[in-house]
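Note sheet for the following structure.
Note that these values count all heavy atoms, side chains included, but never hydrogens, waters or copies made by symmetry. All ligand and atom numbering here is 1-based and tracks the order in the structure.
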Amino acid sequence: MSTTTPGTTTVADPLDTAAIKAQFPLLARTIDGAPIHYLDSANTSQKPRAVLDAMTAFAETSYAPINRSAYRLAAEATDAYEQGRAAVARFVNAAHADEIVFTKNATEALNVVARAWGGAHLHRGDVVVLTHMEHHANVVPWHQLVAERGIELRWIPLTADGRLDLADLERLLDGAKVLSFSAMSNVLGTLTPVAELCAAAHDAGALAVVDACQYVPHNVTDVQGWGADFAAFSSHKLCGPSGIGALWGRTELLEATPPFLGGGNMIADVRLDGFTSAPVPAKFEAGTPPIIEAIGFGAAVEFLEGLGMEAVRRHEIELTRYALDTLSARFGDDITIHGPTDLAVRGGVLSFAFRDLHPHDVSQVLDQRNVCVRAGHHCAKPLMRILGVAATARASVYVYNDRDDVDALADALDGASDIFGL
Ligand SMILES: Cc1ncc(COP(=O)(O)O)c(C=O)c1O
């Protein structure tokens, strides 16, 4: 799955990255007197001043419990929390704010689907179709259902250049109850044909579940346009705080899903002989939720809306093109970059092998130059096995990255050659 160098046509960057970078306090930090080149946003993103300020202002002036108290401060806090939900709903084009359930992260959102919806609706022998590029968050909960329920898993394989191989899709979906797949691979950067897959799932009578964790931060998202049934994503990858994510689901499906966790906030009534669930979405938000984080999540999507998600995507196409060109030109066969070369189906994630260096060594040497990349299996061990590697180094770009960051990566890789005498 190594790339060949793509075309070198460049287009003006639609984002003013210098101005954007200036809004991220952490990126003004230096280590050993030198700037930081943060190329690990597929892992987690940095936070702009607008998000930090929104959370601080809320904590300083309006923090109170939500949904529980009659006093004005609590009503204000509840309104702010619900505004966060409304902003997130708008960002992904949900039909209604109540289709957004706040979860801890995308992992919890996918667990709600597999464990709560699947626990109620899937039975021995039922088929769930996944793909070979899934993150563990979209694998392990289904494996748990295999163990508990005896469901069957089928897998969509990959093409040599890291796309989904859909040649056998109809057969794989035959009789399936669920197709659950990533909209964008966190390892290969591959963008999958989401609407096409949702339609194929529905034609086969299956639900379409989208792991949109890598997709939502980088693209215009339209869950209704996809025709999906559920979608999961995290705030921390889209300039928001950690500790909060979202499950989007069609209302009738959320209503047909039993609660995931039990406790306060998720009930309409509790008696000695049982309980009645609160309506959606409170039904899935047991306990005190991440209140300040919901305000930050809302501020983060507003920050991205301010940049314009089409501009964000175009910026990442241009920067990824530059990175592919630069790394291929400077290192030729010494670097193998996994995933598709066609930027129409690729996001800003570059997993690579460099000479015969272990990815952890690569990452440590890059760190000497303040270039932050992730090394490891990226929570995608089945995919690592298919690629025939134990790990990769992964550089990933976002709205605050520019060509300097890519050049710093390339220079630091040169430095790695010197250090290891290659
Ligand atoms: C494709 C994909 N799905 C799911 C997740 C899980 O996200 P979180 O750790 O925020 O729950 C990740 C995180 O890296 C991811 O890349």
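Using a cut-off of 4.0 Å between Lys/Arg side-chain N and Asp/Glu carboxylate O, Arg154 and Glu152 are scored as salt-bridged.
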Short N or O contacts of ligand 1 with protein, under 3.5 Å, listed by atom name?
| from | atom 1 | to | atom 2 | distance (Å) |
| --- | --- | --- | --- | --- |
| ligand 1 | 3 (N) | Asp211 | OD1 | 3.2 |
| ligand 1 | 3 (N) | Asp211 | OD2 | 2.6 |
| ligand 1 | 10 (O) | Ser234 | OG | 2.6 |
| ligand 1 | 10 (O) | His236 | NE2 | 2.7 |
| ligand 1 | 11 (O) | Ala106 | N | 3.4 |
| ligand 1 | 11 (O) | Thr107 | N | 2.9 |
| ligand 1 | 11 (O) | Thr107 | OG1 | 2.5 |
| ligand 1 | 14 (O) | His135 | NE2 | 3.4 |
| ligand 1 | 14 (O) | Lys237 | NZ | 2.6 |
| ligand 1 | 16 (O) | Gln214 | NE2 | 2.7 |

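Contacts of Tyr398 classified as ring pair (Phe, Tyr, Trp, His ring centres under 6.0 Å), with partners at least two apart in sequence or in another chain: His218, Tyr400.
Ring pair His378/His135: centre-to-centre distance not below 6.0 Å. When ring centroids are compared, Tyr81 and Phe58 stay outside the 6.0 Å threshold.
In summary, the side chains of Ser351 and His338 do not present any donor paired with an acceptor at a separation below 3.5 Å, with no hydrogens or angles considered. In this structure, a donor-acceptor pair under 3.5 Å is absent between the side chains of Ser234 and Asn105.
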